[in-house]
Amino acid sequence: MRVGFCLCFPFEPAITMDSFAKYLLAWFDVHGRSNLPWQHPRTPYRVWLSEVMLQQTQVRTVIPYFERFVLALPTLIDLANTPQDRVLGLWSGLGYYSRARNLHRCAQMCVEQHNGELPDAMEALAALPGIGRSTAAAILAQAHDQSHAILDGNVRRVLARFHGLHGWPGQSAVQAELWRLAESHTPSRRVADYTQAIMDLGALVCTRSKPRCSECPLSGDCVARREGLTAQLPQPKPQKKIPTRELTMLIVRDHEGRILLERRPPTGVWARLWSLPQGDSLESASQSLSAAHAFANGRLSVLPEFAHAFSHYKLKVTPMLLQIETPEPKIADNPDRDWFASHELAELGLPAPVRKLLASLPPETEPCEPSTA
DNA sequence: AATCCGGGGAT
DNA sequence: ATCCCAGGATT
């Protein structure tokens, strides 16, 4: 198999597909994934939603979120007309919540600027919030069969190995070369299938560890395969130490089992999500509430510490439960602080560790003694 | 160019 | 425990 340009006879039509794409498409016709939820039906809205959910998130994780989301909000118009809190609630647990906020804003911009539809031109699409070069290309390829190259984690791995490209793909020079290679292989027809094919190859055959080279349609011309470098390519990100931050979370529960929650600030981690009062210590965590009343009438207990990992730092959380026995005075006019009954938590946009913590809480009927662990 | 932004699957 | 995933925005 030869990959690259063919010297064509002057009167032949232009070559529109290199052998890389031909072999890949032939493999895809037999082994590709054709039953993913966003493929049936494959509308621009559903493709867009799936692409955004799939940013830095694996297919298996996305599927149940996608199903729930399109059931609740079947169209772009539905999304544009729903409150942001509802979008965050549907996104809760998926992470990278700026994706949800951008998705929502994007839908409203489409209503205002694009006649209620997602644009079908590269420039207009990539200008929208949360849609970068690769996501725009994927949407145009999958929803409109337009010829644009994508470059995601799967494609990076396939191309780095196939061409024997060294260097960490995060380096701008390496990334630029990967984009060039991605464009060089992208055909002008069957683009939707090709785009799905190269991602499927990366996910199913050219896997990060133990690639199934014997099943690969491209192994004949794969440089990494030939040189025994499949385990070294692509080169990993240079790792660095991740710091640990300690955090106290305060669970204030009233006599009827309601929980006091605060909306997170608009920037930073968990932006605009509902979460527990938190701080470096019990004092700073309880700073915002009328502490005098609360502590005079409540029982305080320390719950088991737990860890939560982000990509760039680790959290050590000490949860403390403050059980209020007498009715708590109403909260002053503040849309960002409120009491929530346990049955209301399901639809709320909560950080995953907070959701887990609240779900594991001991029932309030039992006196809450400090754990003897 | 480096950092921030979550959560979880795979090993 | 470590890597990294259908990346994009910000600094």
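Hydrogens, waters and symmetry mates are skipped; everything else that's a heavy atom, side chains included, is used. We name chains A, B, ... by the order of the sequence lines, and we start the count at 1 in each one. Quantities reported herein were computed from a predicted structural model and do not represent experimental measurements.
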Under 4.0 Å: is that the gap between some side-chain N or O of [X] and OP1 or OP2 of [N]?
X: A:K210; N: B:dA10; answer: no
X: A:Y313; N: B:dT3; answer: no
X: A:R101; N: B:dC5; answer: no

Rounded distance in Å - [atom1] ([X]) to [atom2] ([N]):
X: A:K356; N: B:dG6; atom1: NZ; atom2: P; value: 15 Å
X: A:W168; N: C:dC3; atom1: CH2; atom2: P; value: 13 Å
X: A:L125; N: C:dA6; atom1: CG; atom2: C1'; value: 15 Å
X: A:R42; N: C:dA6; atom1: CZ; atom2: P; value: 18 Å
X: A:L88; N: B:dG6; atom1: CG; atom2: P; value: 11 Å
X: A:L94; N: C:dG7; atom1: CG; atom2: P; value: 13 Å
X: A:H308; N: B:dC5; atom1: NE2; atom2: P; value: 12 Å
X: A:F310; N: C:dT2; atom1: CZ; atom2: P; value: 18 Å

The side chain of [X] is closest to which nucleotide in this list: [options]?
X: A:W38; options: C:dA6, B:dC5, C:dC4; value: C:dA6
X: A:R60; options: B:dA10, B:dG7, B:dC5; value: B:dA10
X: A:W270; options: B:dG7, C:dA6, B:dT3; value: B:dG7
X: A:L54; options: C:dG7, C:dA6, B:dG7; value: C:dA6
X: A:L36; options: B:dC5, B:dG6, C:dA6; value: C:dA6
X: A:N154; options: B:dC5, C:dA6, B:dG9; value: C:dA6
X: A:T135; options: C:dA6, B:dG6, C:dG8; value: C:dG8
X: A:Q58; options: C:dG7, B:dA10, B:dT3; value: B:dA10
X: A:P351; options: C:dG7, B:dG7, C:dA6; value: B:dG7
X: A:Q56; options: C:dG8, B:dT11, C:dC5; value: C:dC5

Under 4.0 Å, counting only non-hydrogen atoms across every strand here, what does [X] touch: a base, just sugar-phosphate, or nothing?
X: A:R33; value: base
X: A:W91; value: nothing
X: A:A138; value: nothing
X: A:T57; value: base
X: A:G268; value: sugar-phosphate
X: A:R208; value: base
X: A:G93; value: sugar-phosphate
X: A:V59; value: base
X: A:S311; value: base
X: A:Q196; value: base

- Item | is_close_aromatic(A:W274, A:F340), centroid dist under 6.0 Å |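 Yes, the ring of A:W274 comes within the 6.0 Å limit of the ring of A:F340, centre to centre.
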
- What about A:F20 and A:F162, are their ring centers closer than 6.0 Å?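 Between A:F20 and A:F162, the centre distance is under 6.0 Å.
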
- Task: Please check if any side-chain donor atom of A:S342 sits under 3.5 Å from a side-chain acceptor atom of A:R258, or the reverse.
- Result: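 Not at all, the side chains of A:S342 and A:R258 share no donor-acceptor pair under 3.5 Å.
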
- Task: Specify the closest pair of heavy atoms between A:D145 and A:A192, including all atoms of both residues, with the distance to one decimal.
- Result: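 Scanning both residues, the minimum pair turns out to be OD1-N, 2.8 Å.
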
- Query: If you find the nucleotide of DNA chain B closest to A:P353 and the one closest to A:S209, which residue's nucleotide is nearer the 5' end?
  - Reply: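 Its nearest nucleotide lies further toward 5', so the answer is A:P353.
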
Write down the protein N/O and nucleotide N/O pairs, taken from nucleotides 9-11 of chain C, whose separation is under 3.5 Å; answer none if there are no such pairs.
| unit_1 | atom_1 | unit_2 | atom_2 | d |
| --- | --- | --- | --- | --- |
| C:dA9 | OP1 | A:G130 | N | 2.9 |

- Atom C1', compared across C:dC4 and B:dG6: separation rounded to whole Å: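 Here C:dC4 and B:dG6 have their C1' atoms 13 Å from each other.
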
- C:dG8 versus B:dG8 - spacing of their P atoms, nearest Å: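 Looking at atom P only, C:dG8 and B:dG8 are 22 Å apart.
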
- Cation over ring, A:R133 on A:W179, under 6.0 Å and within 45°?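 Judged by the rule (NZ or CZ under 6.0 Å from the ring centre, within 45° of its axis), A:R133 counts as positioned above A:W179.
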
- Task: Salt-bridge test for A:R263 and A:D85: reply yes if a basic N is under 4.0 Å from a carboxylate O, no otherwise.
- Result: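 Answer for the salt bridge query: yes.
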
- Task: Could you check whether the rings of A:H312 and A:F310 sit parallel, tilted or perpendicular, using 30° and 60° as the cut-offs?
- Result: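 It falls in the tilted class, 30° to 60°.
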
- Query: Are the side chain of A:R156 and the backbone of A:G170 linked by a donor-acceptor contact shorter than 3.5 Å?
  - Reply: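 The answer is no, because no donor-acceptor pair under 3.5 Å joins these two groups.
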
Validation: residues 225-237 of chain A side-chain donor-acceptor distances under 3.5 Å, sequence neighbours left out:
| unit_1 | atom_1 | unit_2 | atom_2 | d |
| --- | --- | --- | --- | --- |
| A:Q235 | OE1 | A:H166 | ND1 | 3.4 |
| A:Q235 | OE1 | A:G167 | N | 3.3 |

- Query: With A:D193, which of A:R189, A:Q196, A:R190 fulfils side-chain hydrogen bond (donor to acceptor under 3.5 Å, both in side chains)?
  - Reply: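 Of A:R189, A:Q196, A:R190, side-chain hydrogen bond (donor to acceptor under 3.5 Å, both in side chains) with A:D193 is met by A:R190 alone.
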
